There are 2 protein chains.
Amino acid sequence: MAGIKDVAAAAGVSVATVSRALNGHPSVSPTARTRVLDAVRELGYRPNAVARSLRTDQTRTLGLVISDVMNPYFTELARFVEEEARTLGYSVIIGNADERPELQDHHVRTLLDRRIDGLLVSPADGRSPLAPDAASGATPVVLVDRWVPGLDVPVVRADGTGAIRDLVAHLHGLGYRRVAVIAGPAATTTGRERVEAFRAALRDHGLPLPDEYLGQGDFQADSGRRATERFLDLPEPPEVVFATDNLMALGALDAVRARGLRVPDDIGVAAFDDIPWFVHTDPPVTAIAQPVAELARAAVRALVDLIEGRPPQSVTLPARLVVRRSCGEPACGPVPAVERAPVAVATAEAPPTSQQRRNE
Amino acid sequence: MAGIKDVAAAAGVSVATVSRALNGHPSVSPTARTRVLDAVRELGYRPNAVARSLRTDQTRTLGLVISDVMNPYFTELARFVEEEARTLGYSVIIGNADERPELQDHHVRTLLDRRIDGLLVSPADGRSPLAPDAASGATPVVLVDRWVPGLDVPVVRADGTGAIRDLVAHLHGLGYRRVAVIAGPAATTTGRERVEAFRAALRDHGLPLPDEYLGQGDFQADSGRRATERFLDLPEPPEVVFATDNLMALGALDAVRARGLRVPDDIGVAAFDDIPWFVHTDPPVTAIAQPVAELARAAVRALVDLIEGRPPQSVTLPARLVVRRSCGEPACGPVPAVERAPVAVATAEAPPTSQQRRNE
DNA sequence: TTCGGGCGTGTAATCGATTTCATTCGGCGT
DNA sequence: ACGCCGAATGAAATCGATTACACGCCCGAA
């Protein structure tokens, strides 16, 4: 493959001039510039990004480590992250942790070895396997969706408490009194927060959340199925189940279908994370939608700000309830308040973090 | 960040010895080795992959350019590709072409600039935008799922003709006579082949495929919706629609639901590419399943063979029909032959390609 | 005419690893 | 005792770019 030296030779100039011409340096004569450009075209020269990165100490690459690519929510997130990064002139390398801490670790290490300019992580594990590297502060880090309490880095996430309150109001209005929830891993913030918000909303309506109505899941379909089976085996099964992510909701649907039961007649189902398929399930699933595209964009912008020495913003955007039929027919009277939920735009200024201070 | 020189200094040896110790070179004394290892641990040293790549001219990285990440089929493919690559000691960088040739081009160029060791492509466009680079032969290339006729590189794909024949037999057996198909872009091989196989199978059963029953789509949900609407507007609409990918099937479902019609009572739906959600749609969708994991593994192995100088194998695996309820109740009598479809394992030896010859 | 100051350019150092080549040293055969 | 050989090591070249520094040249000011 042609190198910069070949171009220099072909254009009859030095490598320095070639480099300058290619990087838009001011002091290059028009003559030299055109000769270089011609030679480049002639030889089909493409600069070696590896060599360039070594010299400049920047790869113009972002790392994105997500918990599970097969989860449509994260797929969508990844897609928008790449899109925004591309418009900002960065590539992104995706690492799929598959909800396994050691895999997440593997990817973080690999990405760091490649000297990516910044890291976007949605931690599979709340404990601190990546902390040693991240906390070292050498590489800018931003957390998306999930975060880890001790880490002093910007966080971009959705706040589901409002939407969950709306959901509980909706369920209560429909007459449900025995409601169950399938939790995510306690090691993740999203796993804990969603259950807590749900429990709090329940309390506001005077509803209990007995232990046997709290299923433990791991954000995968199978765990949703198992939890739901256990609910159905109860002497007094719940009237409705809230799965705290879309895959566990899929599992729940599986379980009730396997029993020959029907949603919502025999048992209602609701989910956190809305996805296109929920419109076409039997029945369409009532879900809480996150503003994924905005989250992705905000996360990338925060990370790039960090990288390029600007102060980053932590951002929290509200999720919103989307009522469909899996919890029973929506009210036929006046449209409930939840239907008019505002488009998510709220943001919050982050308190200064050590990462910001690094750049002052 | 600590470099190899720091390690050498700390261990009291030269950089050459450090490098040798770390790469398991034979002639390094046990003493030196342990001192190096200690220093490495002490300093938390990690070799700079960028520098290493520059010197060794290999990145141990594969590029994967897919047509559309949001399509569950490709998501799954990407996931298994990464998995197999990882076990073989490679990382993978995914580029999402979004079915847009110019984006595909952008990613191919970027990946080539980063000197990836090999490229896995599922071409969004049958024409040859990537040919100039790929044909240059500098970087090993393997095509997955879709291929482009002129290119002399290994291809790993599923053969749907058998499954499509089974599907048509199934539909015919159910009494359908007016069947329509939603095609993919003519620029892709999968777009053309699936329609052709369908048309041929129809002919075998003496069924026609009139022009107005041939919808043009682009593998995205919207196009499936529009094509289906056009079918429904026909004076004599088809009794069943075969969408040649899962997203267009989703669109078709959308369209019939929007009309207040019911599947399969008013119109049947079948799809190419099976996905987990099809079990939970209303109704569950009869689909043709590709052996995605095997395809991914075969593709990675072929590419790595090429990279490491072994002769690669082109592979074609059969797809199989999965009957559900979206075309009407499956026969209640004896289980139809299609239910017993064998697990896909057939492979074929590729004719020698120029890429193989390269390595002789 | 002479000198200072850009401007355009080239030479060479540099990034952090790997690898070739030469050197040293110790052991062993004769 | 001598010489040879292999093992262990280090110095320096190398990969392909960027960039600091120096140089030559031309132009305008003194």
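Worth saying up front: this structure is predicted, and the values here are computed from it rather than measured. Both backbone and side-chain heavy atoms feed into the values below; hydrogens, waters and symmetry mates do not. Letters A, B, ... mirror the listed sequences (proteins, then strands); counts begin at 1.
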Nearest-angstrom distance from the residue atom CG of A:D6 to C1' of D:dC15: 14 Å

How is B:S19 classified with respect to the nucleic acid when contacts are heavy atoms under 4.0 Å: base, sugar-phosphate, or nothing? base

Do B:D145 and B:L295 have side chains that get closer than 4.5 Å, going by heavy atoms? no

Ranking A:P26 and B:P47 by the position along DNA chain C of their nearest nucleotide, the one closer to 5' is A:P26

Can you find a side chain N or O atom of A:T17 that sits less than 4.0 Å from OP1 or OP2 on C:dG10? yes

A:L22 CG to D:dT19 C1': how many Å, rounded? 15 Å

Is A:R55 side chain donor-acceptor paired with the C:dT14 base, going by distance under 3.5 Å alone? yes

Between A:T59 and A:S53, does a side chain to side chain donor-acceptor pair (under 3.5 Å) hold up when you go through it step by step? CA-CA 5 Å; A:T59 49; A:S53 294; 5.5 Å; no

For B:A32, report the nucleic acid contact type (base, sugar-phosphate, nothing); a contact means any heavy atom under 4.0 Å. sugar-phosphate

Can you see if the side chain of B:T56 gets near the phosphate of C:dT19 - specifically, an N or O under 4.0 Å from OP1 or OP2? no

Touch check for B:V50, heavy atoms < 4.0 angstrom, all strands: base, sugar-phosphate only, or nothing? nothing

Think A:S14 has a side-chain N or O under 4.0 angstrom from the OP1 or OP2 of C:dT11? no

Considering the options B:I4, B:V7, B:L37, B:T17, which one meets the side-chain contact (heavy atoms from CB on, under 4.5 Å) requirement together with B:L22? B:L37

Have a look at B:N23 and say if it touches a base, only the backbone sugar-phosphate, or nothing, with a 4.0 Å heavy-atom cut-off. sugar-phosphate

Between P of D:dG16 and CZ of B:R115, the distance in whole Å: 9 Å

Whole angstrom is fine here: how far is it from CZ in A:R20 over to P in C:dG8? 11 Å

Check: A:E102 main-chain N/O paired with A:H106 side-chain donor or acceptor under 3.5 Å: no

Could you please name the option among C:dG10, D:dT18, C:dC15 that lies closest to any side-chain atom of A:L54? C:dC15

